[in-house]
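Letters A, B, ... are given to chains in the order of the sequence lines, protein chains preceding strands, and every chain is numbered from 1.
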2 protein chains.
Amino acid sequence: MSAKPVKRNTWQREAVREALNGSDGFISAQNLHSELRLAGSAIGLATVYRALTDLALEGEADSLQAEGESLYRACTPGQHHHHLICRTCGLAVEIEADAVEQWAQTIAAKHGFTQATHVVDVFGLCANCTLISS
Amino acid sequence: MSAKPVKRNTWQREAVREALNGSDGFISAQNLHSELRLAGSAIGLATVYRALTDLALEGEADSLQAEGESLYRACTPGQHHHHLICRTCGLAVEIEADAVEQWAQTIAAKHGFTQATHVVDVFGLCANCTLISS
DNA sequence: CTTGCTATTGATAACGAATCTCATTAGCGG
DNA sequence: CCGCTAATGAGATTCGTTATCAATAGCAAG
């Protein structure tokens, strides 16, 4: 059996983590990379992808699919939640929905499905963007 | 001003529609194209993409994003619904969830969001695939 | 039926997001 | 300071999807 590789702390991963925390909306790997480069960082694109993927499955970041690309956002770790996202500015609000969680489990079980997971996202225009677009 | 182009009926579009109706799960554009070719059709890949896109926004097909690609499925037009999808075989069950619809609207309004839409999909293993994988 | 207009097709090129390759770099325990 | 190897990064590669454009074929009018 192969022991799992020991993780190392690099400034690149820290930079990605900080950049994520500094943004209040969802952002793509490419945009995050651009921002870091503009800020003077010499980080590579592949590394940004790797860091975001890791953060996502470690539970430190949320990800969602929008228009064919993956968007990421820092999140409060440990608890399952969903998002209310502004279509225009990307602003995201974390929302909890115990009712929805249970509904998903129930509906899956009712149809004989096991290992149920779910994708629940609400999109709209935030108050600010609603004003601007009117 | 430009009048909107007049739609024409072609056997290709009809073939795609029929192929969709003949499948009971979600399917990718590429797989649908393969099936049609194997069935003897000379339809082109680009045409399959175009037909699926059209069907989706005409409301004759549902689409969802899974693992970086778009999947399509024929659906009962006119009514809003969600899906319970098998991760293994793609089998899909249409589910209605008035409670979820209202929850989405309520949560959006509470945070000042307008024009709310939502993405709700439940994934799991169907009864059959659960047996097979055990 | 024939003609004319143009929507549609399809082979292929182009595109973009994401991943892979692999030589080089650098974390970190000893 | 050494040595091991995880991590990096530039570029190549994969893969889904869309754009290009000449050829085809609906469809309405004559």
*Provide, to the nearest angstrom, the distance between the CD atom belonging to Glu67(A) and the C1' atom belonging to dT18(D).*
15 Å

*Are the side chains of Asp121(A) and Phe26(A) in touch, meaning some heavy atoms are under 4.5 Å apart?*
no

*Decide salt bridge (charged side-chain N to carboxylate O under 4.0 Å, His left out) for Arg87(B) and Glu67(B); before the verdict, give the C-alpha distance in whole Å, the side-chain angles of both, and the deciding distance to 0.1 Å.*
CA-CA 11 Å; Arg87(B) 267 192 296 271; Glu67(B) 295 165 30; over 6 Å; no

*Between Leu45(A) (CG) and dT21(C) (C1'), how many Å, whole number?*
15 Å

*Roughly how bent is the helix from dC1(C)-dG30(D) to dG30(C)-dC1(D) end to end, in steps of 10 degrees, with each end axis from five pairs?*
30°

*Could you state the atom-to-atom distance from NE2 of His33(A) to P of dA18(C) in whole Å?*
13 Å

_A side-chain contact here means heavy atoms from C-beta on lying under 4.5 Å apart; do Leu55(A) and Tyr72(A) qualify?_
no

_Between His82(A) and Val120(A) (side chain of the first, backbone of the second, donor and acceptor by atom type, cut-off under 3.5 Å), is there such a pair?_
yes

*Can you check whether Gln12(A) has a side-chain N or O nearer than 4.0 Å to OP1 or OP2 of dT25(C)?*
no

*When the distance from CG of Leu64(A) to P of dA17(C) is rounded to whole Å, what number comes out?*
16 Å

_Let me spell it out: for each of Arg8(A) and Arg50(B), pick the nucleotide of DNA chain C with the closest heavy atom. Which residue's pick is nearer the 5' end?_
Arg50(B)

*Would you check, one step at a time, whether the test side-chain hydrogen bond (donor to acceptor under 3.5 Å, both in side chains) holds for Glu101(B) with His118(B)?*
CA-CA 8 Å; Glu101(B) 311 298 326; His118(B) 55 272; 2.9 Å; yes

*First of Asn9(B) and Gln65(B) reached from the 5' end of DNA chain D, by closest nucleotide*: Gln65(B)

*Check the surroundings of atom CD in Glu58(A): do more than 12 heavy atoms from other residues, nucleotides or ligands lie under 6.0 Å from it?*
yes

*Could you check how far CG of Leu32(B) sits from P of dT17(D), rounded to whole Å?*
12 Å

_Side-chain N,O (Gln30(A)) to OP1/OP2 (dG16(C)) below 4.0 Å_ = no

*asked:* dG16(D), OP1 or OP2 - any side-chain N/O from Ser28(B) closer than 4.0 Å?
replied: no

*Specify the separation, in whole Å, of atom CG of Asp54(B) and atom C1' of dA7(C).*
12 Å

*asked:* Can you see if the side chain of Tyr49(B) gets near the phosphate of dT18(D) - specifically, an N or O under 4.0 Å from OP1 or OP2?
replied: no

*Let me know the distance between CG of Asn31(A) and C1' of dA18(C), rounded to the nearest Å.*
15 Å

_Atom pair CD/OG of Glu69(A) and Ser63(A) - distance to nearest 0.5 Å_ = 12.5 Å

*DNA chain D: 5'-proximal contact among Trp11(B) and Ala46(A) (nearest heavy atom)*: Ala46(A)

*asked:* Tell me whether the side-chain N/O atoms of Thr10(A) come closer than 4.0 Å to OP1 or OP2 in dT8(D).
replied: yes

*asked:* Measure CG/Leu52(B) against P/dT17(D) and give the value in whole Å, please.
replied: 10 Å

*Report which part of the nucleic acid Ile43(A) touches: base, sugar-phosphate, or nothing (heavy-atom distance under 4.0 Å, all strands).*
sugar-phosphate

